[in-house]
Amino acid sequence: MSENVVHLHKPTDPPTDDAAPTMLTVVPDAPPAPPTPLWVRSGRAVKTVVTHETTKTAVRAVARHGLYTFNGGRIVARRTWDGKTGARYERMIRTAEAAGNLEAAEEWEERLQRFRAARHHRRMDLLHSPVEAAKGIAVGTGVSVGVLVALGVVMAINNHDVTDVITPLRATIDFIALLIRIVQVVWGPALTIGPFLALLALWTVGSKQQAAPQWALPANVRNSEGEPITPSIVVKALRDLGVPALRNAIKEMGDAGASMLSPIVIAGCGVEVDVTLPSGVSTVEVQQRRRKLAENLARHEHEVFITIPTAARTVRLWVADSGALDEPIGPSPLVTDETMTADYTKGRAPWGQDLRGDAASLSLYQRHLLITGLSNQGKTAALRALALWLALDRSVQFLMGDLKGAGDWAMFDGLATVLIQGPTDEHVIEVTEMVEGAVDEMNRRLVAPPGTTFPPLIVLVDEAQVAFMCPAVDDERRPYGGSKAKSRYFTAVRKIHNQGRAVNVLMWQGTQDPTDQNLPKLVREGAHTRASLALGTESQARMALGDKAVDGGAAPNLLRPGLDKGTLVVASDGIEIPAGQASITVRTHYISTDDAHAIADRAKALRDGVTTLHAIERGEERDPLADIAHVLADAPRLFTQDVLKRLAALDQDAYGAWTNGDLKRVLEAEGEEPKKSNGRMVVHRDHVLRALANRDADGSASADG
């Protein structure tokens with residue numbers, strides 16, 4: 001009987017006197033929990049046994065060895081069938097026909113005919129073999145008996161004993177009897193052990209071929225990561241890719257698909273092989289299954305690259321050694337070779353290594369450049385490495401805008417003519433005016449006498465998306481950012497893209513996370529060299545590199561953010577790209593900030609000294625309407641072209657790049673646009689003076705008010 005528990009508590013309705021008496025209540029203990037049913041405990045025990053690792057290992061072992069024997073029998077049966085029939089030759093004929101190789105098909109057909117003729121000859125021989133064998137046995141027996149009797153006669157003469165005549169014959173009969181007795185003794189155990197020996201032979205064949213599912217194989221076999229890439233592994237990976245037409249074609253091929261593959265060659269830290277796909281299988285179907293193909297090859301997705309060479313229906317697979325791409329490459333030659341110089345015209349910037357492990361160098365001669373990617377993937381480092389190399393050519397001039405302002409380009413103070421650093425709208429305005437100044441320099445060079453040579457001028461803007469997204473507008477309501485025709489930064493970049501290359505004025509931009517808003521289509525397509533770090537989507541990859549490169553296998557969206565820092569997919573004619581490919585993947589050298597300062601100091605030592613401006617010097621504010629009236633002071637009217645020439649002579653910086661549209665815009669704003677006279681546009685002095693007087697009057701009225 002369980003014990004009771006005494007609880008102390010106060011009554012719900014206390015008495016009226018001040019002392020509230022304490023009440024004693026006896027509460028019995030709660031009844032004990034019922035015991036767990038036997039069937040529940042039994043079920044738990046069974047579940048524990050079934051799910052135990054030892055049980056799983058035992059089940060895998062039983063299944064593995066059983067399937068080794070079964071599949072070994074299938075393999076032996078297939079080999080026997082191939083040896084006895086023409087199945088092998090027929091498969092090879094179908095393979096050759098599928099590949100369109102009619103000559104090989106005819107050759108295999110001839111071999112099949114020879115095989116069938118030889119088989120027919122053997123079968124005809126079997127029809128006559130019993131008679132021939134009987135004759136042979138009879139003749140052989142007679143000869144043997146004669147020889148034995150002759151030998152006995154010789155022995156009898158020698159021993160002077162007539163009974164020795166049959167001694168050799170009797171010895172031969174005794175030997176045959178002994179053999180029969182041995183067979184009688186061994187035959188019973190052989191019949192018992194024979195099936196087990198046959199099963200052991202089949203198990204041996206199956207185990208050598210690993211003829212069992214992956215889940216049943218031992219752990220050290222299932223974990224095949226890093227195993228060498230062989231033709232059989234590649235064919236099996238393609239067969240299991242989930243493309244029915246490809247799987248069926250491989251099954252029908254006499255060589256089990258080996259004819260699809262080119263020789264597997266070592267390519268840097270991996271191997272490379274071309275796969276000619278059978279009819280009915282598209283290269284796109286293989287490209288879209290990159291992850292599954294990589295897993296079938298016991299690799300990670302980033303360790304398999306699929307490109308499209310020039311040959312039809314062919315994909316090129318590059319498969320890295322397991323873990324090789326996670327190992328850093330060596331330092332940049334800019335760091336290790338302190339005597340290195342640059343040549344803008346003929347040289348190539350050492351940028352890194354391709355996937356083969358070969359040095360990847362880039363020609364910068366007359367090529368606009370765009371590098372993009374997600375944030376913090378190494379964009380600035382990749383762009384800065386090119387600028388540092390080019391700075392070692394003393395003839396190159398730099399105009400630089402760093403719209404991040406974190407000091408990543410501070411080492412170019414004393415190298416660049418202009419270096420603007422900062423993320424604000426004011427910095428964007430100054431960078432825009434810097435680019436517009438480069439446009440003016442480009443225009444000056446374009447009208448120079450033929451044969452004039454100009455030093456390279458690199459206009460570099462890092463974090464250019466800040467400029468495109470800037471909401472600021474100027475006094476004429478023209479936006480600095482945006483992608484419309486009135487956008488000042490966009491317009492200046494487009495002008496350099498259109499004509500700057502001819503006079504060595506080049507536009508380099510670095511931007512992140514490209515979209516149509518922060519990287520307009522016309523700007524990204526104006527770059528000759530386009531490179532991308534890791535991106536988020538295929539649509540961004542197409543923005544960064546173009547449709548041709550992505551359709552050819554370029555996939556920066558498959559790079560691993562954070563893990564593949566500094567790895568670029570490059571589309572450019574300035575870098576050596578394997579024949580048939582539209583892009584190349586480059587693992588760039590990382591140059592630390594300290595090393596970058598050291599390289600910049602070497603570049604400064606090559607120059608006479610450069611004074612770097614950290615802000616744009618703005619000239620005197622001009623009044624366009626007053627200047628137009630000034631140039632018309634001695635003429636009642638002038639053709640618009642003559643007005644533009646006089647304005648340019650008045651102030652080249654302010655009006656040197658003016659067009660008829662600029663002149664018309666200023667006059668239309670005052671209500672006095674140019675008029676046509678005798679088919680040509682002219683500007684009347686009286687109209688300009690009237691507009692100037694009306695403007696001044698409006699200004700005075702506003703002031704009086």
Side-chain angles (χ1 to χ4, degrees), residues 71 74-75 78 88 90-101 104-105 209-215 217 221-267 270-322 324-325 355 551-555 558 578 580-581 585:
N71 291 324
R74 293 179 55 192
I75 294 171
R78 180 66 177 271
R88 177 187 292 108
E90 292 174 355
R91 288 200 305 271
M92 298 302 293
I93 292 172
R94 290 195 299 270
T95 300
E97 289 176 346
N101 192 344
Q209 298 292 328
Q210 295 294 329
Q214 285 291 318
W215 61 267
L217 295 177
V221 177
R222 292 198 307 271
N223 185 17
S224 57
E225 183 175 348
E227 65 179 322
I229 299 299
T230 62
S232 61
I233 289 177
V234 176
V235 172
K236 185 177 180 182
L238 293 169
R239 185 195 66 195
D240 299 337
L241 205 54
V243 182
L246 181 58
R247 182 180 60 252
N248 295 335
I250 291 175
K251 288 182 178 179
E252 293 177 359
M253 292 181 181
D255 57 355
S259 61
M260 297 192 306
L261 308 183
S262 70
I264 298 178
V265 297
I266 296 176
V271 296
E272 189 174 77
V273 60
D274 284 356
V275 181
T276 303
L277 301 175
S279 178
V281 182
S282 169
T283 56
V284 176
E285 294 179 281
V286 178
Q287 281 184 298
Q288 292 175 343
R289 292 168 171 81
R290 176 184 174 188
R291 172 175 292 181
K292 189 170 185 179
L293 178 61
E295 292 173 350
N296 290 347
L297 293 170
R299 296 294 190 273
H300 297 291
E301 183 179 11
H302 71 277
E303 294 177 327
V304 175
F305 287 81
I306 305 174
T307 54
I308 309 299
T310 53
R313 291 203 335 263
T314 302
V315 293
R316 179 168 294 162
L317 306 181
W318 184 87
V319 185
D321 297 336
S322 183
L325 295 184
L355 295 178
D551 291 338
L558 296 182
Q581 295 182 200
T585 302

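- With hydrogens and angles disregarded, a donor-acceptor distance shorter than 3.5 Å links the side chain of Thr314 to the backbone of Ala312.
- Using a distance-only test at 3.5 Å, with no hydrogens or angles considered, no donor-acceptor pair links the side chain of Glu295 to the main chain of Lys292.
- From Arg299, atom CZ reaches atom CZ of Arg290 across 14.0 Å, with rounding to the nearest 0.5 Å.
- Here the straight-line distance linking atom CG of Leu297 with atom CD1 of Ile229 works out to 5.0 Å at 0.5 Å rounding.
- Note that CZ of Arg291 and CD of Glu301 are 4.5 Å apart. Values are rounded to the nearest 0.5 Å.
- Remark: the backbone N or O of Ile306 is not paired with any side-chain donor or acceptor of Trp318 at under 3.5 angstrom.
- Glu285 places a side-chain N or O within 3.5 Å of a backbone atom of Ser282 that can act as its donor or acceptor partner.
- Between Gln287 and Ile308 the shortest side-chain heavy-atom distance falls below 4.5 Å.
- Inter-residue side-chain proximity for Leu293 and Leu317 is flagged as met; some heavy-atom pair is nearer than 4.5 Å.
- Once rounded to the nearest 0.5 Å, the distance linking CD1 of Ile250 with CG of Leu238 reads 5.5 Å.
- With hydrogens and angles ignored, the 3.5 Å screen pairs a side-chain donor or acceptor of Arg313 with a backbone N or O of Leu277.
- Between atom CG of residue Asp321 and atom CD of residue Glu303 there is a gap of 8.5 Å, rounded to the nearest 0.5 Å.
- Every residue two or more places apart in sequence or in another chain that forms a side chain to side chain contact (heavy atoms under 4.5 Å, CB included) with Thr307 is listed here: Arg316, Gln581.
- Scored by the salt bridge (Lys or Arg N to Asp or Glu O under 4.0 Å) test, Asp240 finds no partners at all (sequence neighbours excluded).
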